[in-house]
2 protein chains.
Amino acid sequence: MAVTVDIVLLTIRDDSLAALLIRRGGEPFKGCYALPGGFVQPDETLAAAAARELEEETGARGMHLEQLGTYGDPGRDPRMRVVSVAYLALIPNPPEVTGGSDAESAEWSPVATFLDSTLPDAPSLLAFDHRQILRDGVERARGKLEYSGLATAFCGSEFTVGELRRVYEIVWGVDLDARNFHRKVTGTLGFLEPTGEMTTRGGGRPAQLFRRGATQTLNPPILRPSPTVF
Amino acid sequence: MAVTVDIVLLTIRDDSLAALLIRRGGEPFKGCYALPGGFVQPDETLAAAAARELEEETGARGMHLEQLGTYGDPGRDPRMRVVSVAYLALIPNPPEVTGGSDAESAEWSPVATFLDSTLPDAPSLLAFDHRQILRDGVERARGKLEYSGLATAFCGSEFTVGELRRVYEIVWGVDLDARNFHRKVTGTLGFLEPTGEMTTRGGGRPAQLFRRGATQTLNPPILRPSPTVF
DNA sequence: CCAAAAGTGTTATCGATACACCCATGT
DNA sequence: ACATGGGTGTATCGATAACACTTTTGG
């Protein structure tokens, strides 16, 4: 029985939540998109396999990486029985992924393109059961923003409160009150650590720069106004 | 590479949170306890494998079953590379599991016996990495009580508000205010469905009997007073 | 000056908590 | 009568939501 890892790598690009997808050059699902991934080697942990595949595909290391779930229905891959452990990864500034090595090329695509519920459920765009995995990954990210510091994984090492708020707004697809959001995140002790620096990037009045704080659990949570649809 | 399922089967027994564990009759970890589990067959889904193992061990079917996580470090099983998909299962009235078939015998044991943080981390009691899996399963159950109807999976099909509260108190290891709890769960529309029946089991004034309602998500959640330790 | 984003203040309202209190049964 | 658990009422407190308002930059 083959064991693979598949990775839902998310980022914020052009004011959209985007995922890294591979255009398949061969059968099955030739021409479809698929999640990056590959076989687990005999002597590496599952997380190490995911990190290795990520680095091969993007060149980036050290981003947020967590296990998402395992997908092993017989027949999910027509060639053989494959049990795939899915990982969720988040990266701040999406590296350009031009072309890729062989016939397979990697691209950033807005997740809405693939998850919009008006689309048919059949794998017309995404290979295997990767639509479900992508959906689960996006839902995990959306949920964890509420009670954890996960959103900072979409920001660089230093960021403003406004930039952090944009992450919430884009991932949840809602508008948040900037004033209340500011009070909430700066008021949660240990959540954000001020650098002392200011920045004017983004225009308007200069904003303080922050780093991730030690408290990576948000209590009470930030509740999303209305659960996002797809 | 071998793929197995391991099951954290929890129940409430003698006012304690208890797990079903197998006493190992052979090497490795002979004499240790281990989670029930086994190999995934070529033509069954992962969940079906877990359900099958559960039925073989307890005779029970149809209980709550959800995927917990996948554990696949090289060396976690000294005999070979084994990737194990762990499932969390909950059952209301623990069936007696006398002896078992062969040298391996199943028992219900309070989880505190194995998770108490004063114990050493080495697998002196639990085989493989099963202590970590058990800990993750208990933590998942504790967390999900807050915002889901998971607690009802510990109750029979009909239960009183008091019985449901006992589940929370035992799983979380805290005391809850009976009056506020009552208001909370009966006030969440669609969470509990009154049967119209009353019962006097448990003594005191007769209590209404309820069934699980359609709403299996609790918003706003019931927050546990202070996170349980181990 | 104006637009845009950063922050602060204030108030209404909702939900949780901590109780006091009454109800209906078994012994 | 009294113990036991079921259930309602109510005041207080903390967090959120809505929004008025000031601050500081760039164009």
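Sequence lines set the chain letters: A, B, ... in the order given, protein chains first and strands last, and positions in each chain run from 1.
- Listed for the A/S105 side chain is no donor-acceptor partner under 3.5 Å among the backbone atoms of A/R23.
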- request: Might you work through the salt bridge (charged side-chain N to carboxylate O under 4.0 Å, His left out) test for A/E56 and A/R52, ending with a clear yes or no?
  value: CA-CA 6 Å; A/E56 287 174 9; A/R52 175 178 52 72; 3.3 Å; yes

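- DNA chain D is contacted by no residue of residues 147-160 of chain A, taking any non-hydrogen atom closer than 4.0 Å.
- Using a cut-off of 4.0 Å between Lys/Arg side-chain N and Asp/Glu carboxylate O, B/R13 and B/E96 are scored as salt-bridged.
- Between B/R61 atom CZ and B/E55 atom CD the span is 4.5 Å, to the nearest 0.5 Å.
- For A/R201, the CZ atom sits in a packed shell: over 12 heavy atoms of surrounding residues, nucleotides or ligands are nearer than 6.0 Å.
- Put simply, CG on A/L21 and CG on A/L125 are 10.0 Å apart, with the number rounded to the nearest 0.5 Å.
- Among the atoms of the strands shown, only primed sugar atoms or phosphate atoms (P, OP1, OP2) are found under 4.0 Å from some heavy atom of A/R165.
- Considering only side-chain N and O atoms, A/H182 lies under 4.0 angstrom from the phosphate OP1 or OP2 of C/dG7.
- A salt bridge links B/E169 with B/R166: the distance from a Lys NZ or Arg NE/NH1/NH2 to an Asp or Glu carboxylate oxygen falls below 4.0 Å.
- Nucleic acid contact class of A/R166 (heavy atoms, under 4.0 Å, all strands): none.
- With rounding to the nearest 0.5 Å, the separation of OG1 in A/T160 from CG in A/L192 is 10.5 Å.
- With rounding to whole Å, A/F181 atom CZ is found 16 Å from C/dA5 atom P.
- Across A/H182, A/K184, A/R183, a single residue satisfies side-chain hydrogen bond (donor to acceptor under 3.5 Å, both in side chains) together with A/N180, and that is A/R183.
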Would you tabulate the nitrogen or oxygen pairs shorter than 3.5 Å linking the protein to nucleotides 24-26 of chain D?
from, atom 1, to, atom 2, distance (Å)
D/dT24, O2, A/R205, N, 3.3

message: Can you build the contact string for nucleotides 14-21 of chain D? Use B for base contact, S for sugar-phosphate-only contact, and - for no protein heavy atom under 4.0 Å.
response: -SSBBBBB

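- Protein atom CG of B/L192 is 14 Å distant from nucleotide atom C1' of D/dG7, rounded to whole Å.
- Ring-plane geometry between B/Y168 and B/W172 is classed as perpendicular, the angle between the planes exceeding 60 degrees on a 0 to 90 degree scale with a lower cut at 30.
- Considering only side-chain N and O atoms, B/Q208 lies under 4.0 angstrom from the phosphate OP1 or OP2 of D/dG7.
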